[in-house]
Amino acid sequence: MAHHDSLNYWLVKQEPSTYCWDTFLKEGETEWTGVRNFQARKNLRAMQAGEQVLFYHSVIRPSVMGVALVVTSAYPDPTATEGDWSAVILKPVYTLRRPVTLAEIKADLDLQDMALIKQSRLSVMSVTKQEFSKILAKA
DNA sequence: GCCAACGTTGGC
DNA sequence: GCCAACGTTGGC
């Protein structure tokens, strides 16, 4: 029976030297593979097609770069040679007018509860609708 | 480049 | 099951 699940919002983190926003834009779609952390996996597995994702660059000028969309919910990660890991397919939707830096996020009282700040090593995290909107508004 | 925080591994 | 050692992530 169809019912109305509320949409979730997400943030995925990537080092730009590994896979940057511009490459993602050029490719138009990517398999989000290589997650090897249980909490991040749990979040990946909760993603539903059509949900929005903030794409964040870590390490080099840490900032939110753009918005992506979940194309395909979790399936077995084809890059995993052992263990039970998952991947999703993401596609870029748009580039922020300007990147929103971690420093700005840290300075915003409304964004203090974000896992981005509290759990700096988590690479796939849930974001509230309010946090998502606030970050977009900053761009 | 350094280092703190965190997650994982392995000895006991 | 505990905890020390180690490896990795990511901010600065």
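From a predicted model like this one, the values you see are computed outputs, not experimental measurements. Order of the sequence lines sets the chain letters (A, B, ...), proteins ahead of strands, with each chain counted from 1.
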Undergrad: Quick one: side chains of residues 79-89 of chain A, donor-acceptor pairs under 3.5 Å with protein atoms, not counting sequence neighbours, listed by atom name and distance.
TA:
residue, atom, partner, partner atom, Å
A:Thr79, OG1, A:Arg36, NH2, 3.1
A:Thr79, OG1, A:Asp77, OD1, 2.7
A:Thr79, OG1, A:Asp77, OD2, 3.3
A:Asp84, OD1, A:Arg45, NH2, 3.0
A:Asp84, OD2, A:Arg45, NH2, 3.3
A:Ser86, OG, A:Arg45, NE, 2.7
A:Ser86, OG, A:Arg45, NH2, 3.3

Undergrad: Could you give the CD-to-P distance, from A:Gln39 to B:dT8, as a whole number of Å?
TA: 10 Å

Undergrad: Using the rule given for side-chain contact (heavy atoms from CB on, under 4.5 Å), can you reason through A:Thr23 versus A:Gln14, listing the C-alpha separation, both sets of side-chain angles and the distance that settles it, and then say yes or no?
TA: CA-CA 12 Å; A:Thr23 303; A:Gln14 187 58 268; over 6 Å; no

Undergrad: Could you check how far CG of A:Leu116 sits from P of B:dA5, rounded to whole Å?
TA: 17 Å

Undergrad: Go nucleotide by nucleotide along DNA chain B from the 5' end; which of A:Val59 and A:Gln119 gets its closest nucleotide reached first?
TA: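 Of the two residues, A:Val59 wins.
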
Undergrad: Which residues pass the side chain to side chain donor-acceptor pair (under 3.5 Å) test with A:Thr18, sequence neighbours left out?
TA: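 For A:Thr18, no residue satisfies side chain to side chain donor-acceptor pair (under 3.5 Å) once neighbours in sequence are set aside.
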
Undergrad: Within residues 15-23 of chain A, which residues have any heavy atom lying less than 4.0 Å from an atom of DNA chain C?
TA: none

Undergrad: Side chain of A:Phe38: nearest nucleotide among C:dG11, B:dG7, B:dT8?
TA: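 When the side chain of A:Phe38 is considered, B:dT8 is the closest of C:dG11, B:dG7, B:dT8.
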
Undergrad: Per the salt bridge (Lys or Arg N to Asp or Glu O under 4.0 Å) rule, what does the pair list look like for residues 52-67 of chain A, sequence neighbours excluded?
TA: none

Undergrad: Nearest whole angstrom, please: distance from the P of C:dG10 to the CD1 of A:Ile117.
TA: 15 Å

Undergrad: Does A:His57 reach the main-chain N or O of A:Met65 with its side chain, forming a donor-acceptor pair under 3.5 Å?
TA: no

Undergrad: Only distances under 3.5 Å count here; give the side-chain donor-acceptor pairs of residues 24-32 of chain A to other protein atoms, sequence neighbours excluded, each with its distance to 0.1 Å.
TA:
residue, atom, partner, partner atom, Å
A:Glu27, OE1, A:Tyr19, OH, 2.7
A:Thr30, OG1, A:Tyr19, OH, 3.4
A:Glu31, OE2, A:Tyr75, OH, 2.6

Undergrad: With sequence neighbours left out, what residues match A:Gln112 under side chain to side chain donor-acceptor pair (under 3.5 Å)?
TA: none

Undergrad: Tracing side-chain links under 4.5 Å among I, L, V, M, F, W and Y, which residues wind up in one group with A:Val64?
TA: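 Besides A:Val64, the cluster holds A:Tyr9, A:Leu11, A:Leu54, A:Tyr56, A:Val67, A:Leu69, A:Val93, A:Tyr94, A:Leu96, A:Val100, A:Leu102, A:Ile105, A:Leu111, A:Met114, A:Leu116, A:Ile117, A:Leu122, A:Met125, A:Val127, A:Phe132, A:Ile135, A:Leu136.
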
Undergrad: Going by the rule salt bridge (Lys or Arg N to Asp or Glu O under 4.0 Å), which residues pair with A:Arg97 if we only count those two or more places apart in sequence or in a different chain?
TA: none

Undergrad: Just the rounded figure in Å: distance from P of B:dA5 to CG of A:Asn37.
TA: 18 Å

Undergrad: What is the distance, to the nearest angstrom, from the NZ atom on A:Lys118 to the P atom on B:dA5?
TA: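 My rounded result for the distance is 16 Å.
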
Undergrad: Quick one: is A:Tyr56 getting a side-chain N or O under 4.0 Å of the C:dG11 phosphate, OP1 or OP2?
TA: yes

Undergrad: What pairs of nitrogen or oxygen atoms, one from the protein and one from nucleotides 2-4 of chain C, lie under 3.5 Å apart?
TA:
none

Undergrad: Can you tell me how far C1' of C:dT8 sits from CG of A:Leu122, to the nearest Å?
TA: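 Distance check: A:Leu122 CG to C:dT8 C1' gives 14 Å.
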
Undergrad: Restricting to side chain to side chain contact (heavy atoms under 4.5 Å, CB included), what partner residues turn up for A:Ser126, sequence neighbours left out?
TA: A:Trp10

Undergrad: According to the salt bridge (Lys or Arg N to Asp or Glu O under 4.0 Å) rule, which pairs have a member within residues 125-139 of chain A, sequence neighbours left out?
TA: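 Residue pairs with at least one partner in residues 125-139 of chain A: A:Asp108-A:Lys134, A:Asp108-A:Lys138, A:Asp110-A:Lys134.
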
Undergrad: Measure the distance from NE2 on A:His57 to C1' on C:dT9 and round it to the nearest whole Å.
TA: 16 Å

Undergrad: Counting only non-hydrogen atoms, which of residues 101-110 of chain A are less than 4.0 Å from DNA chain C?
TA: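 Only A:Leu102, A:Lys106 qualify.
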
Undergrad: Expressed in angstrom and rounded to an integer, what is the separation of A:Met125 atom CE from C:dT9 atom P?
TA: 14 Å

